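All remarks here apply to the structure that follows.
From a predicted model like this one, the values you see are computed outputs, not experimental measurements. Reckoned from all heavy atoms, side chains included, excluding hydrogens, waters and symmetry mates.
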Amino acid sequence: MAKQKPVGSRPVSRPPTPSPPARQPVVAVPARSSTPDHQTAGSDRFRVRIPVWLPAVLLAVLIAFSFGFGNGFVDWDDSEYVFGNPYVLEPTADHVRTLLQSVVALNYHPLTMVSLAANSAFSGSGATSFIVTNTVIHLLNTLLVFSLAYQLSRKNGWVGLFVAALWGLHPMHVESVIWVSERKDVLYTFFFLLACLTYLRYRKSGAFSWLFLIFILFVLSCLSKAMAVVLPLVLLLIDYWQAGDQGIRKMTKPAVWLEKIPFLMVAVLVGLIATDVQAGGDFHGWLIRIAEKKDAVGQEPFAARWLVYGTYGFLMYLVKLVAPFRLSAFYPYPENVRTIEPHHWLGPVAFGLVVGYALWQLVSAKTERQRLVVFGIGFFLITILLVLQFMTVGAAIMADRYSYLSYFGLIFMIVYGFYLLTHQSPSHLRLATIGLGLFAVLCFYRTTQQVQVWKNTETLWTHALQFYPDNDQMREGLGDYYGKQNRIDEALQQFQAAVANGNSRYHCYEGLGNAYGLKNEFAKALDMYGQAIRLDSTKSDVYYNRGLTYNKVGRFEDALRDFNQALALAPGKDTLVLTARGFSYLQLKQYTASLADYERYLGYKPTDPTALHNRGVNRFYLGDRAGALADIRRAVILKPDYEEARNNLRQLEQVGQ
């Protein structure tokens, strides 16, 4: 009987029988729905490991913007928002309640202001904590951008990562992140993107609770910045994109529009509030104006030119997306709007071509690429249309910060478009990866440079003057900065250059008056203040500063008139004016009126040694020797080197002996 062979595999020495040629692909690719989210393929042969690359993208964004963590505040809105705003610097419960109904720098964005107050409460009043917080929110926004691009591209990791990298690192976004005053930009975008992602969840489930959450996020976004009012239109655009080749037909269903009605109602209300406060109103007494913005600098374009400048700004946003160079904090209208230069006529041409092409793709859309063009251009146009200079706001033809949210549409269109064109060929996709990667590196480098521009007010305006050396607005801003730094000759030089370049705003002449006054050239100072008042007679600061100058030259009656006018125009600034007017009354020997002003002032600031001394002088002349002694002694205790107070105190004590 033969021995039974053991059961097992063939001997190692025996080669396996070759299998016949197969007709299937060498690499089996699972269906899209079976691919784990954390390993989503960028193409059939190009796999992207999201857990590895997404943290790398976020780290790159953090590193790029960390070069600006040592920056300070800039004297362009930051005073109104933070370092000159007591409601933010001293965030008591009463101050927070005030911020919730306050107009700041011609904007109503209470959630932004409360977030700045919270920043101050937890981290102090230094600029670094505000900039770091802005950057953290920007990192969260970059993560949301990845998630939105990932979902809209049917969970394509390659697309999501590149959209997040280019959006998060783009130097056009430095202004929104590093400028403390633009907390409103990063904050409204956070809620806006979160609402878009939640809407995708709502479209899958249809649960009303998701729609309600979207509405709450929309309100929070609007309370951060009024530009969020366009969200209902973006939601409709998402409806179109998600519907695929049924997009147009599904958009005609009543339910698609009815569910947006509450959003549109909020958008109208927020739009009315924004329009009113931008015009200087308080929305029928419902709001409080606590931090006034300086008059917008520059000239508005003539009505006949609105199309040229609005569309030229549109064109420049497209150009700077792919060529992020010559970025400036301020892009003034050309030559104070005296002429339209030939290249500005490219704006209407570009606008017509781009929008016309998108409409053509909308009408004839049969492929995903065509729908992508509609979605990308549509998202960009919807989110930036309100700040294109069709309706002139301020003096800039464009601003980097307006691209913050809107660039998502264009970047998504470009990246996903590259994927659709190249994913069938590994070599082509590899080239697209290298090209987009190199552009991301360029964006990283340019961002590290651009954050240094915002280091302080001087770096901001000197950088912008490299591109617009004859611009009077920037020289005015630089003159202000030099004046506050007591660099009087440099301030005078900038204000004089601004006047030579055609500046006709009151503040420039006020700056000249201040500079001449500090140089003790009082006649020139009074002349400049007079010109400032002729240009705008509603500014209390000019009357106050001229009153101070009148006091210095002994024209106390003229000083009184100016101080009274300053108080009439801005009653809330009485702490500034009362001591100056009290001194004028004292010099005119109107002791009772002078005493009243110092009494009011000391109610605000009871430890001011100069005010205590002068109140003591008034009390002496009014026969209150005991009160005079008490005030002047207190002044000497508070300021031991106060020579005038010490001399008067000795005389009073000698008289008493």
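Proximity of Trp179 to Glu175: side-chain heavy atoms (C-beta onward) are separated by under 4.5 Å at one or more points. By the 4.5 Å heavy-atom criterion applied to side chains, Val234 and Phe192 are counted as neighbours. A heavy-atom distance below 4.5 Å is not found between the side chains of Ile377 and Val374. Contact check for Val186 versus Asn141: side-chain heavy atoms found under the 4.5 Å cut-off. Looking at heavy atoms from C-beta onward, Trp241 lies in side-chain contact with Arg371 at the 4.5 angstrom threshold. At a threshold of 4.5 Å between non-hydrogen side-chain atoms, the residues Val373 and Gln370 do not count as touching. Counting heavy atoms from C-beta on, the side chains of Ile384 and Leu388 come closer than 4.5 Å. Residues Lys204 and Gln242 fail the side-chain proximity criterion, which asks for heavy atoms closer than 4.5 Å.
Listed here is the closest heavy atom pair of Thr422 and Ala432: OG1-CB, 4.1 Å. Annotation for Ala226 and Ala274: closest pair CB-CB, 3.9 Å, computed over non-hydrogen atoms. Considering every non-hydrogen atom in both Phe263 and Pro232, the closest pair reads CB-CG, 3.5 Å. Here the shortest heavy-atom pairing between Thr128 and Phe69 reads OG1-O, 3.0 Å. The shortest non-hydrogen separation linking Asp185 to Arg401 is OD2-O, 2.9 Å. Closest approach of Pro171 to Arg446, counting heavy atoms only: CG-CB, 3.7 Å.
Looking at Glu259 and Tyr202, their side chains do bring a donor and an acceptor atom within 3.5 Å of each other. For the residue pair Asp75/Thr457, the side-chain donor-acceptor check at 3.5 Å is not satisfied. A donor-acceptor contact closer than 3.5 angstrom links the side chains of Tyr199 and Asp239. Looking at Gln452 and Asn71, their side chains never bring a donor and an acceptor atom within 3.5 Å of each other. When only modelled atom types and interatomic distance are considered, His170 and Tyr404 share no side-chain donor-acceptor pair under 3.5 Å. For Trp158 and Thr433, the side-chain atoms include at least one donor-acceptor pair closer than 3.5 Å.
Under a 4.0 Å N-O distance rule, the pair Arg183/Asp78 does not qualify as a salt bridge. Between Asp400 and Lys320 there is no salt bridge, since none of the side-chain N atoms of the basic residue sits less than 4.0 Å from a carboxylate O of the acidic one.
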Inset, instruction - Could you walk me through whether Val174 and Trp454 pass the side-chain contact (heavy atoms from CB on, under 4.5 Å) test, one step at a time? - result: CA-CA 9 Å; Val174 167; Trp454 290 85; 4.0 Å; yes
Inset, instruction - Test side-chain contact (heavy atoms from CB on, under 4.5 Å) on Leu194 and Ser221 and set out the steps. - result: CA-CA 10 Å; Leu194 204 54; Ser221 189; over 6 Å; no
Inset, instruction - Given side-chain contact (heavy atoms from CB on, under 4.5 Å), test Tyr416 with Leu152 step by step and report yes or no. - result: CA-CA 10 Å; Tyr416 197 22; Leu152 293 176; over 6 Å; no
Inset, instruction - Please assess Val415 against Ile411 for the test side-chain contact (heavy atoms from CB on, under 4.5 Å), listing each intermediate value before the final yes or no. - result: CA-CA 6 Å; Val415 173; Ile411 293 174; 4.1 Å; yes
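With hydrogens and angles ignored, the 3.5 Å screen pairs a side-chain donor or acceptor of His173 with a backbone N or O of Trp167.
In summary, of the residues considered (Tyr312, Phe380, Phe314), a ring-ring contact (aromatic ring centres under 6.0 Å, His included) with Phe351 occurs for Phe314 alone. Only one option out of Phe375, Tyr419, Phe379 pairs with Phe412 in a ring-ring contact (aromatic ring centres under 6.0 Å, His included); it is Phe375. The only member of Val74, Asp77, Asn134 that meets side chain to side chain contact (heavy atoms under 4.5 Å, CB included) when paired with Ser181 is Asp77.
Here CZ of Phe439 is found 6.0 Å from CG of Leu321. Values are rounded to the nearest 0.5 Å. For the atom pair Ser224 OG and Leu111 CG, the distance stands at 4.0 Å (nearest 0.5 Å). Atoms CG and CZ, on Leu421 and Arg369 in that order, are 4.5 Å from each other to the nearest 0.5 Å. How far CG of Leu144 is from CG of Leu193: 5.5 Å, rounded to the nearest 0.5 Å. In this structure, the separation between CG on Leu200 and CD1 on Ile214 is 8.5 Å, given to the nearest 0.5 Å. Between atom SG of residue Cys196 and atom CD of residue Gln151 there is a gap of 12.5 Å, rounded to the nearest 0.5 Å.
Open room surrounds CZ on Phe418; 12 or fewer heavy atoms of other groups in view lie less than 6.0 Å from it. Open room surrounds CZ on Phe122; 12 or fewer heavy atoms of other groups in view lie less than 6.0 Å from it.
Using cut-offs of 30° and 60° on the angle between ring planes, the pair His109 and Tyr81 is tilted.
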